[in-house]
Protein chains: 2
Amino acid sequence: MRGPPVPGRAAQGRTLRRVTGTRPPAPEGERPAGGARERRARPAYDPSSLVEVAAQVFNERGYDATSMEDLSAAAGITKSSFYHHVRGKEALLRAALERALDGLFGILDEPAASTGTPLTRLRHIVRRQVEVLAAELPHVTLLLRLRGNTETERWALERRREFDAAITRLVRDAQTAGELRTGSDPAVDARLLSGLVNSLVEWYRPGRMPVDALASEVDRMAFEGLRAHVPAGEARPS
Amino acid sequence: MRGPPVPGRAAQGRTLRRVTGTRPPAPEGERPAGGARERRARPAYDPSSLVEVAAQVFNERGYDATSMEDLSAAAGITKSSFYHHVRGKEALLRAALERALDGLFGILDEPAASTGTPLTRLRHIVRRQVEVLAAELPHVTLLLRLRGNTETERWALERRREFDAAITRLVRDAQTAGELRTGSDPAVDARLLSGLVNSLVEWYRPGRMPVDALASEVDRMAFEGLRAHVPAGEARPS
DNA sequence: GTCTATAATCAGATAGAC
DNA sequence: GTCTATCTGATTATAGAC
């Protein structure tokens, strides 16, 4: 907990927020039978849903600031009931990170990721990266905010570096092929590109705008820039 | 602490890393007199240095995962001695965030921030933002990773939103003036631009490349894009 | 499957000797 | 100014009743 020792929890600066957001309904058979529970809209209890709930709370509060009490409250059950479903805090983290990494590495396995010129492939990967990021928003967000404190975090960071390395190779190839700007270090350009894409998790929320529109704007900015383009033949604004 | 209860601290997954990185030398008179201390390169004890050390450790481990023990160890003294210099964990956080915010808002007060066309002003601000980010790297990094758990964090987030709003207004003005691309929401473009700039804290380290070179690459990417530009008159690659 | 109660440990912060 | 020793409360995790 934070701040000086204060009697009541309400006196602390920390705000208890509840996870909102829609979630896929759990299989009916998995629901607890005696629906005597009176809490507000409570998430289902199947493992996959619990991971998603946990990822949401981790992102809102930060992994370290999140207590098992916070997680169980978000799931609508007590802490010890929560432990009945989950091995521990770090197991939840790992499951969420695996989902994010599976999504990202899945992109590299797609046929379009190895078809065409380097730039064509790169643009496909960027577009798909935006889509995976939107589809797995809480899990990817979690992945991008890791500090590397635990063994699980370091494992995920290592896999993330492998993904980034694939992007860097592709940027280098595209520059060599004359499809990307010259005069800059491809490793730097790859980091700028990844930074741009990854920064979406800080503000994009589903429903804010269609995912394919977002992907198009990111693609345009990354490769053509924000500046207005003058029609061919006209003079460039000084 | 993390993981199941284990006897020894060494058995935990957490790695104790020491703050490296160079620091401006403290005024000689501020150093403790009897240099009997035998630890490795230890930072000075003046308040400003302690804030910088704290910001570094906060960034490495995350604010919540950082204990006062971690901070005092990084400073080379015991926890209770550390408390002699500092009011508490949150006071350190606030001091670091103030430094970051002062740097950023200082940019908006510069004459060049309100001289010329919207695009000229925007480009100046972006360049200066990269420079401030590099000069105040640990403090700005901390600012960009806030979750809003405490009152201090929420205060800083609110000020950061004000800064972002200024950028958004400028992007809108530049688009209206025909200097930026059309067909996209200026609020989205502003977020993409800020996301690109802010993502630097995730990888840029002083000494990796000169700051002005970095600023130029960011400027070029943001406004012209990564794609190779064909000389005027030639056909655009399909 | 869920609960109350509690164990074991670690956090931020302080007291008081030197 | 620094230290050892300690307080208070929160944290992860478990025991065992229902």
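Lettering of chains follows the sequences in order, A, B, ..., and the numbering in each one begins at 1. For clarity, every value in this text was computed on a predicted model and none was experimentally measured.
One atom, OH of A:Tyr63, and another, C1' of D:dT12, lie 10 Å apart when rounded to the nearest Å. Distance, B:Met68 CE to D:dC7 C1': 16 Å, rounded to whole Å. Atoms CZ (A:Phe82) and P (D:dT14) sit 14 Å apart, rounded to a whole Å. For the pair B:Glu69 CD and D:dA5 C1', the computed distance is 14 Å after rounding to whole Å. If you measure from atom CD of A:Glu90 to atom C1' of D:dT11, you get 15 Å, rounded to the nearest angstrom. As rounded to whole Å, 16 Å separates atom P of D:dT12 from atom CZ of A:Arg87.
One finds a side-chain N or O of A:Ser81 lying less than 4.0 angstrom from the OP1 or OP2 phosphate oxygen of C:dC3. At the phosphate of C:dT14, neither OP1 nor OP2 sits under 4.0 Å from any side-chain N or O atom of B:Tyr83. Remark: A:His84 is not in phosphate contact with C:dC3, judged by side-chain N or O atoms under 4.0 Å from OP1 or OP2.
The NE2 atom of B:His124 sits 8.0 Å away from atom CD1 of B:Ile107, with the distance rounded to the nearest 0.5 Å.
Side-chain proximity of B:Lys89 to C:dC3, C:dA13, D:dT2: nearest is C:dA13. Side-chain proximity of B:His85 to C:dT4, D:dT12, D:dT2: nearest is D:dT2. Here the nucleotide nearest the side chain of A:Ser67, chosen from C:dG12, D:dT11, C:dT2, is D:dT11.
The cationic atom of A:Arg208 (NZ for Lys, CZ for Arg) does not lie both less than 6.0 Å from the six-membered ring centre of A:Trp203 and within 45° of the ring axis.
Using a 4.5 Å cut-off on side-chain heavy atoms (C-beta onward), A:Leu193 and A:Leu122 make contact.
Nearer the 5' end of DNA chain C, as judged by each residue's closest nucleotide, is the contact made by A:Lys79, out of A:Lys79 and B:Lys79.
Qualifying ring pair (Phe, Tyr, Trp, His ring centres under 6.0 Å) partners for A:Tyr83, counting only residues two or more places apart in sequence or in other chains: none.
If you check distances only, the side chain of B:Ser80 does reach the base of D:dT4 with a donor-acceptor pair under 3.5 Å.
When the shell of 6.0 Å around CZ of A:Arg87 is examined, it contains 12 or fewer heavy atoms from other residues, nucleotides or ligands.
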